[in-house]
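Step one of this worksheet: look at the structure below.
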Number of protein chains: 2
Amino acid sequence: MSGSSENPFRKVRADHAQETAEDYVEAVSDMVHRIGECRVRDLAAHMGVSHVTVSRIVSRLQEEGLIETEPYRPVRLTPTGEKLAAMSRRRHEIVEQFLLAIGVPAEDAARDTEGIEHHVGESTLAAMENFLSSSHRPAPTTPEAIE
Amino acid sequence: MSGSSENPFRKVRADHAQETAEDYVEAVSDMVHRIGECRVRDLAAHMGVSHVTVSRIVSRLQEEGLIETEPYRPVRLTPTGEKLAAMSRRRHEIVEQFLLAIGVPAEDAARDTEGIEHHVGESTLAAMENFLSSSHRPAPTTPEAIE
DNA sequence: AGTGAATTGTAGCATTGGCTACATTTGTGT
DNA sequence: ACACAAATGTAGCCAATGCTACAATTCACT
Ligand SMILES: [Mn+2]
Ligand SMILES: [Mn+2]
Ligand SMILES: [Mn+2]
Ligand SMILES: [Mn+2]
């Protein structure tokens, strides 16, 4: 009842079908918050694809109710898109911090996170969060040092 | 010079382009070792797709030199395919053991590993291996206990 | 206002990997 | 041997996502 399917490969394919949406809304959200707006060309540069690919994907995401835009205008997120972006960003950050915490170099952690994040389920995310909060303080802090 | 590209998303797409090959040769290798041969129907059941999809993918992997087969006959691996299978299985096992080690329930670990494995680079794999060998002994062992 | 560069959209093509329906081959069992 | 069931292949469809080439629009600057 929790996974989308009994077969692991079906789940992976379902994750991949969601992947583009997650990366795009996360990128739109970040750009809007950082530079005020998000243009097709910004997304193309960010994703490393042509503007044509972005344009078509934006259309699809608009049909799916995640994005709003008019021709030749910037791209914005719908409330639904914002929610997906918030979820994606949170998961992305947890995964990346986790990889850093186990000693993966920053550049490699950033790279691997971009793919790994979409396959991290609830249980795995919880395990990563738990690991992070456990190994949060290096050594000097003890429970008694709070007060 | 280590990653396939500067842009993380390009790397993810490159990983996805390799993903089918890795999962299929790993499956072929396992089946050959377990039940003596690997048929198209076995792969179809394992991957959760129709035999048609398997048949086309097997053709492509044969053109790529990973698989050998004749019409209506079982599927075998070429030496190149065996090497890729060995690499994939090793990485798969490390990732899965790692998820189990950080407390992910077995079923979820198996599921998430199927997707995550393809995005785990050298550094991340090394960090996971290191974590596994470090946290190998539950608690009683301390550095001084070696001698 | 007009012009030219930048941006975005459209047309058309390729690849991958899903599918159903149907054809062919294999092989089992009588 | 033959007939039928299982396995595999083929034809033809679809969706997603990559691309180049070209058309349309916007925008900044004179
Ligand atoms: Mn992300
Ligand atoms: Mn991503
Ligand atoms: Mn896999
Ligand atoms: Mn993936």
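Excluded from the calculations below are hydrogen atoms, water molecules and symmetry mates; all remaining heavy atoms, backbone and side chain alike, are included. In what follows, every chain begins at residue 1, and chains take the letters A, B, ... in the order their sequences are listed.
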Residues in residues 32-44 of chain B with a heavy atom under 4.0 Å of DNA chain C, by number, are none

Within this structure, what is the OH-to-P distance between B/Tyr72 and D/dT8, rounded to whole angstrom? 10 Å

So, does A/His92 use its side chain to make a donor-acceptor pair with the main chain of A/Ser88 at under 3.5 Å? no

Send over the distance from A/Met31 CE to C/dT7 P, rounded to a whole Å. 13 Å

State yes or no: are the ring centers of A/Phe131 and B/Phe131 separated by less than 6.0 Å? yes

Which class fits the ring pair A/His119 and B/His119: parallel under 30°, tilted 30 to 60°, perpendicular over 60°? parallel

For DNA chain C, whose closest nucleotide is more 5', that of A/Pro71 or that of A/Arg13? A/Pro71

Once you round to the nearest 0.5 Å, how far does NE2 of B/His16 lie from CZ of B/Arg13? 10.5 Å

Look at the side chain of B/Arg73 and decide which nucleotide, out of C/dT16, D/dT17, C/dT26, has an atom nearest to it. C/dT26

Cluster overlap B/Phe9 with A/Val120, hydrophobic side-chain contacts below 4.5 Å: no

Report yes or no: do A/Thr69 and A/Arg76 form a side-chain donor-acceptor pair below 3.5 Å? no

Verify the contact: side-chain N or O of B/Arg10 to OP1 or OP2 of D/dG18, cut-off strictly under 4.0 Å; return yes or no. no

Can A/Gln18 and A/His118 be said to form a side chain to side chain donor-acceptor pair (under 3.5 Å), step by step? CA-CA 8 Å; A/Gln18 264 291 109; A/His118 310 282; over 6 Å; no

Nearest-Å distance, CG (B/Asp23) to P (C/dG18)? 10 Å

Rounded interatomic separation in angstrom, taking OH from B/Tyr24 and P from C/dG17: 8 Å

A/Thr20 side chain near D/dT17 phosphate (N/O to OP1/OP2, under 4.0 Å): yes

To the nearest angstrom, the NE2-C1' distance between B/His118 and C/dT16 comes to 16 Å

Which residues, if any, of residues 48-56 of chain A bring a heavy atom under 4.0 Å of DNA chain C? A/His51, A/Val52, A/Ser55

One should read off an interatomic distance between A/Asp15 CG and B/Asp112 CG, to the nearest 0.5 angstrom, of 8.0 Å

Could you tell me how far apart A/Met47 (CE) and D/dA16 (P) are, to the nearest whole angstrom? 16 Å

Starting from P on D/dG9, measure out to CD on B/Glu70 and report it in whole angstrom. 11 Å

With rounding to the nearest 0.5 Å, note down the distance linking CZ in A/Arg111 to OG in B/Ser123. 8.0 Å

Could you give the CD1-to-P distance, from A/Ile57 to C/dT8, as a whole number of Å? 15 Å

Would you kindly compare A/Glu64 and B/Pro74 by the position of their nearest DNA chain D nucleotide and give the one closer to the 5′ end? B/Pro74

